[in-house]
K.L.:
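Sharing a structure below in structure tokens format, with a few things to ask.
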Amino acid sequence: MSVSYTEETDVLVIGAGPAGSIAASILKNEGFEVKIVEKEEFPRFVIGESLLPRCMENLEYAGLLDAVDKAGFQKKFGAKFSHVRNGHITDFDFSTQFTKGWSWTWQVKRADFDTILAKEVEKKGVKVSYKSTVTKVSFIQNHASLTTIQKEDGTFYTIKAKFIVDASGYGRVLPRLLKLDEPSDFPVRAAFFSHIKDPNRPKGSDGNRILIIDYTDGVWLWVIPFSDGTTSVGVVGDPDIINRYEGDEINQFAQWIEAVPDLKGRFSPEDIVLGPKKITGYSAAVKKLYGDGFVLTGNSTEFLDPIFSSGVTLASESSAVAAKLIARQLKGEKPDWETEYSDYLKLGVDVFRAFVKRWYDGNLQKIFFTSESNIELKSQICSVLAGYVWDLNNPFVKKHDRAILALANVLGDLKK
């Protein structure tokens, strides 16, 4: 391998998705030179299409909110959950949440959303190099780093940086190169999804509402309407169940549409415009979130499950917090990375983890689909579903797992 030249920058960001763009924008606003390297060419497809209101604050702080607003994405004001076996429905309206914050967000095609963020960052003066693959990272004096990049034409160059932000998402560049990967404690699950035309979309607010369908134990589906008249539809669960139908992937997806009452009659396989696609074994974890001269953000840290749309929220929060700490450090301060980043981020991850676990073991369904109505408890849960998982005034944040189990125990078994 022959290295042709070396660039220098204050901060190198790996990945141009939401985490990378938010971090780069904040650091550029603070006056630092930032370079982004991205393995793919944009626009490119990626899953994670339903944002949470907590994302809005980070987009606004990074100076990216106005650009997204102009794109005309479908606004999201809450989420509806449907229980196929007993017909119960519960609807969470973000305007009624316990925590003060944004009461809406967007449902987005990530190819468009991510491209808008990356282009806006480039307008700020951040150089984004696409089709650039990180092949090696070494740390030198004073925690600086030397990163080797392979370009599309097969040539190599290096980037010397004072700090690295890994926002590589599912690529998990630094966890892989620095051997930081750890297995997730979640069972292996699969997601099978597509974008499909939606001519029979319900009228009014129901037509634009994200719908989560609890189909059978451990198997659920999402329906995420977009502003262009198409909708993202996906089924998640044990790989053997997801793959139970025969035929090619279009035929398999058609059989899922036919099997689920909320989908049958609304969607037709002839209207598929993307995919279908499958992802298996997507959950991941890491040994640590930061080190001398680097930090992991977004899905490079940990990915849980798509059930509560936590991915972009954790990406935006981790990258915003990391960027603020990096700025302070490069200005001569000594931030407490363990407390201010690792402990802080883990709180939010643990709250979402508790909700994911209790969804799959059925305890959350006892709460969501109960006939017993408690406005205060519902507003507290709504705040978690809106992404406000750092509000310790909320019992479902402070005591997350205990609060879920205690309430589920009081409500008793869900009739199926």
K.L.:
Can you sort out the partners of E30 under side chain to side chain contact (heavy atoms under 4.5 Å, CB included), two or more places apart, ordered by chain and number?
P.N.:
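Testing E30 for side chain to side chain contact (heavy atoms under 4.5 Å, CB included), a comparison that skips the adjacent residues, returns F32, Y61, A327, K331.
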K.L.:
If the condition is ring-ring contact (aromatic ring centres under 6.0 Å, His included), which residues does Y341 pass it with, not counting sequence neighbours?
P.N.:
W337
K.L.:
What residues, two or more places apart in sequence or in another chain, satisfy salt bridge (Lys or Arg N to Asp or Glu O under 4.0 Å) together with K151?
P.N.:
none
K.L.:
For R172, which residues count as a salt bridge (Lys or Arg N to Asp or Glu O under 4.0 Å) partner, sequence neighbours excluded?
P.N.:
D181
K.L.:
Taking ring-ring contact (aromatic ring centres under 6.0 Å, His included) as the definition, give me every residue that meets it alongside F42, ordered by chain and number, with sequence neighbours left out.
P.N.:
Y130
K.L.:
In chain order, what residues pass the ring-ring contact (aromatic ring centres under 6.0 Å, His included) check against F192, with sequence neighbours excluded?
P.N.:
F253
K.L.:
I'd like to check the side chain to side chain contact (heavy atoms under 4.5 Å, CB included) partners of E152; sequence neighbours left out, ordered by chain and number.
P.N.:
K131
K.L.:
Could you note down all residue pairs passing ring-ring contact (aromatic ring centres under 6.0 Å, His included) where residues 259-287 supplies at least one of them, sequence neighbours left out?
P.N.:
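Passing the test, one end in residues 259-287: Y282-F303.
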K.L.:
Run the salt bridge (Lys or Arg N to Asp or Glu O under 4.0 Å) test against D343 and tell me which residues pass, sequence neighbours left out.
P.N.:
none
K.L.:
Among residues two or more places apart or on two chains, list those pairs meeting salt bridge (Lys or Arg N to Asp or Glu O under 4.0 Å) that have a residue in residues 62-79.
P.N.:
none
K.L.:
Can you list the residues that meet the side-chain hydrogen bond (donor to acceptor under 3.5 Å, both in side chains) rule with N409, with sequence neighbours excluded?
P.N.:
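In terms of side-chain hydrogen bond (donor to acceptor under 3.5 Å, both in side chains), with neighbours along the sequence ignored, N409 is linked to no residue.
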K.L.:
Check salt bridge (Lys or Arg N to Asp or Glu O under 4.0 Å) between K357 and all other residues, then give those that pass, not counting sequence neighbours.
P.N.:
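Per chain and number, K357 pairs via salt bridge (Lys or Arg N to Asp or Glu O under 4.0 Å) with D185.
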